[in-house]
Each structure stands twice: as structure tokens, then as C-alpha cells.
Amino acid sequence: MFQALTPLPPDPILGLSIAFKADTNPNKIDLGIGVYKDVNGNTPVMRAVKKAEDRILKSQTTKSYVGPVGAADYNERVAHMILGEELYNSLGQRRVTVQTPGGTGGLRLAAEFIHKANAGATVWVSDPTWANHIPLISAAGLNVEKYPYYDYASHNVRFAEMLTCLQQAPKGDLVLLHGCCHNPSGADLNQEQWQAVRDLAREKGFTVFIDLAYQGLGNGMEEDAYGVRLLAESLPELIVVSSCSKNFGLYRERTGAVTLICDTAESTAAATTLIAAAARANYSMPPDHGAAIVQLIMDDPDLQAEWDMELTDMRDRINGLRSLLVERIKAAGIDKDFSFIEREKGMFSFLGVNLEQIQTLIKDYGIYLVNSSRINVASINDNNIDYLTSSLAKVLSS
Ligand code: LMR
């Protein structure tokens with residue numbers, strides 16, 4: 001039966017990493033996959049994470065199973081992190097957090113949970129959105145529709161068009177929003193826009209589903225949770241999928257969570273059984289190591305302070321690189337206005353070059369970026385920025 005299989009094209013993001021590794025160009029730059037890199041181009045293990053791992057290694061007494069919803073203490077720390085102290089307390093039994101294998105595992109689990117709650121649901125996703133959103137939501141059997149989001153010409157959110165489109169989303173449908181650091185555009189909703197989405201959700205009755213993969217990488221841990229918290233305090237239901245891949249640098253440890261807010265304690269209890277059953281039927285239970293690290297860091301004031309400082313350094317570096325890139329692009333003699341990169345947030349922005357120019361950057365210069373022209377700003381450093389901007393200048397002028 002396997003002889004009839006047709007191979008699939010490479011993954012639009014992960015496929016780039018493979019091609020990058022195989023490239024022998026000594027100047028090559030990987031602007032593809034969203035991982036943080038330091039001034040030397042490395043993705044180091046955070047110091048607080050190393051210390052927590054060391055303690056876990058010494059003190060762990062069992063590798064016994066944890067259960068489909070993961071570690072209860074980790075789940076509480078994550079709920080606290082995304083909701084903040086006040087809402088964490090006030091939502092009481094209307095909230096539940098379930099540990100998942102990374103943010104992607106959380107999205108898939110949430111999609112399966114939605115399918116159980118309403119098999120005919122449509123999930124409305126931003127146009128554009130993360131390259132894996134549509135495949136994974138569709139794989140769970142849900143319908144997907146797009147709403148307008150990013151204007152490639154003005155580099156702004158097409159907010160009026162987005163709201164008009166979402167008028168069509170009825171009760172029973174889901175609207176997927178990026179909590180912060182929109183992937184791939186870096187263009188986020190401002191506070192008034194979050195409030196308008198909240199008002200529309202109230203009026204239409206659709207359920208908001210937030211992907212919060214980059215909390216702390218935009219403006220700060222608290223600031224980046226503005227939308228999540230606004231909606232959590234004012235809507236009867238909310239789904240939030242969060243990830244510790246980026247803000248704790250735990251990428252390969254697969255450390256994420258789904259947080260559900262339901263209208264009553266009874267529906268929360270019922271939802272918990274459904275989501276636990278979905279986890280059990282998929283992977284039985286999530287991996288433990290990353291969650292144990294996060295839990296330990298959040299429980300220890302010294303480790304938490306150290307982690308917070310490291311995260312602040314990462315965020316400041318990314319924001320600094322955004323300004324530096326705009327400045328160096330100008331200095332390289334490029335006329336086109338790239339100042340939007342400085343206004344956008346998180347790891348990503350679109351470079352706004354066309355497919356042919358992207359192919360030239362990859363093939364002739366070893367500069368790897370996603371086909372949409374998404375670049376990972378965090379991959380830029382003092383050693384590669386001149387090569388990047390001079391190559392871009394050549395490609396844009398040819
Ligand atoms: C990205 O968007 O590059 C990251 O979220 C990594 C991934 O899994 O695609």
C-alpha cells in the first residue's frame with residue numbers, strides 16, 4: 001500500500017532549516033524558524049533554566065506517570081502567568097489549565113476539544129497567519145475561514161475590514177487571535193482594537209481562541225497579556241493556548257498549555273473531562289521535563305528574577321535589532337521605506353520582497369526566509385547585518 005504514496009513538499013518553515021543546514025555558503029543567514037538567537041547567533045539554554053534543571057536532576061525521585069492534564073502545579077503557574085493575580089483568583093472554578101506538548105500540541109488539543117463541543121464549528125483565522133494554524137485546525141476536522149488582517153502596503157492591521165468580516169461569525173464559531181507578536185506579521189492589535197473585538201464577541205456570541213506563543217517577547221509579560229486578560233474578564237468563554245518555547249527557551253522540551261474559561265464551574269468541570277479524554281486518546285500525557293523547569297522557576301523568587309532579567313534582555317535585544325535593521329537598510333542605500341519593522345513586535349516581520357527576490361536571496365546569497373517574506377529579526381547580529389543589508393540592496397536594485 002505504501003508504493004502509491006506521493007511525497008509532500010517540505011514544511012514551509014521547518015523545511016528551510018534543513019535547506020539552511022545543507023548550504024555550504026560561509027555567509028549564510030537563517031532568518032527562517034522562530035527561535036531566539038544571541039549576539040553570537042546561538043540559541044543558549046537560559047541560565048535560570050540550567051539552574052532549575054540541575055536541581056531537578058538532583059531532587060527528582062520518580063519518573064512515574066503524571067496524567068493526561070499534566071502537572072497540577074505547573075498548570076496553576078501558567079494560569080497565573082497568563083491571567084495575572086487578580087483574574088487568577090476571581091475566575092476561580094471557571095478556569096482550568098491543562099499542560100500540553102508545546103504550544104502546537106496545545107492548539108491541536110484545543111481544536112479537538114472544539115470539535116467535541118461543536119463538530120460543525122468554523123475557526124476564523126487571520127489572513128495571514130502562522131503556516132501551521134490551518135493544517136492543524138483542519139486536521140482536527142474543523143472548518144477554517146480567513147478574516148482580513150495585515151495590509152502589506154501600509155503595514156497596518158486591516159481592522160475595519162477584519163471587524164466587518166467577523167460580523168459573519170455566529171455563536172458556535174471560533175475566532176483565532178494572536179495574543180501578541182503576531183506571527184508572521186509582527187503587527188498587533190492595540191488596546192482599543194482588543195476592546196472592539198471583545199464587544200463584537202459579546203454581540204455575536206462567537207468564542208475567542210487566543211494563541212499566546214510569544215508572551216514577554218513584545219512589550220513585557222504583563223503588557224503582552226492585555227488582550228487575554230481583557231477578554232478573560234469580560235467574556236463568558238475563552239480558549240487560550242500558551243507556550244513556554246520562546247519565553248523560557250524550552251523549544252525542544254515541548255512545554256505548553258491550554259487554558260479554558262467557561263461560563264460556570266459545572267461547564268468547566270465537564271470541559272476538563274473532555275479535554276483530558278482528548279489528551280489521553282492522542283498522547284496519553286504530556287512530557288514532564290519542561291513543565292518541571294517552569295514550575296520550579298516560578299516557585300523560586302531568585303530563579304524567577306533571574307529568568308525575568310534574561311527575558312527582558314532578549315526582548316530588548318529584539319526591539320533594538322528592529323531599529324538597527326531599519327537604520328542599516330537606509331545606510332545600505334535602499335530607498336524603500338522599512339520603518340514599519342521598528343513599529344512591529346516580536347520575532348517576525350515581513351520583508352515585503354517578492355517570491356523571485358526571496359529565491360535569489362536563498363540561492364545566490366544563502367539568506368533563508370519564509371516564502372511569505374517573513375524574517376526572524378532575532379537571527380540578526382553584528383556579524384551578519386552588513387551582509388544581509390548589502391545583499392538585500394543588490395537584490396532590490398537588480
Ligand atoms: C515559527 O513560526 O517559526 C515557530 O513557531 C516554529 C514553528 O514550529 O513553526
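For the numbers below, each heavy atom of this structure counts, side chains included, while hydrogens, waters and symmetry mates do not. One-based numbering, in listed order, for ligands and for the atoms of each.
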Handout entry: F248 and W307 aromatic ring geometry - parallel, tilted or perpendicular at 30°/60° bounds
Key = parallel
Handout entry: side chain to side chain donor-acceptor pair (under 3.5 Å) partners of S339, counting only residues at least two apart
Key = D337
Exercise for the section: Just grab all the ring-ring contact (aromatic ring centres under 6.0 Å, His included) pairs involving residues 379-398, residues at least two apart or on different chains. Expected result: none
Handout entry: Pairs flagged by ring-ring contact (aromatic ring centres under 6.0 Å, His included) wherever residues 72-103 is involved - sequence neighbours left out
Key = H80-Y88
Problem - Greater than 12 external heavy atoms within 6.0 Å of N40's CG - result: yes
Check ligand 1 against the protein and report each N/O to N/O distance under 3.5 Å, formatted as atom name, atom name, distance.
residue: ligand 1; atom: 2 (O); partner: W130; partner atom: NE1; Å: 3.0
residue: ligand 1; atom: 2 (O); partner: N183; partner atom: ND2; Å: 3.0
residue: ligand 1; atom: 2 (O); partner: R374; partner atom: NH1; Å: 2.8
residue: ligand 1; atom: 3 (O); partner: G34; partner atom: N; Å: 2.8
residue: ligand 1; atom: 3 (O); partner: R374; partner atom: NH2; Å: 2.8
residue: ligand 1; atom: 5 (O); partner: K246; partner atom: NZ; Å: 3.3
residue: ligand 1; atom: 9 (O); partner: W130; partner atom: NE1; Å: 3.1

Practice task
Walk me through it: do Y150 and H182 pass the test ring-ring contact (aromatic ring centres under 6.0 Å, His included)?
Solution key: CA-CA 10 Å; Y150 187 72; H182 184 269; 7.5 Å; no
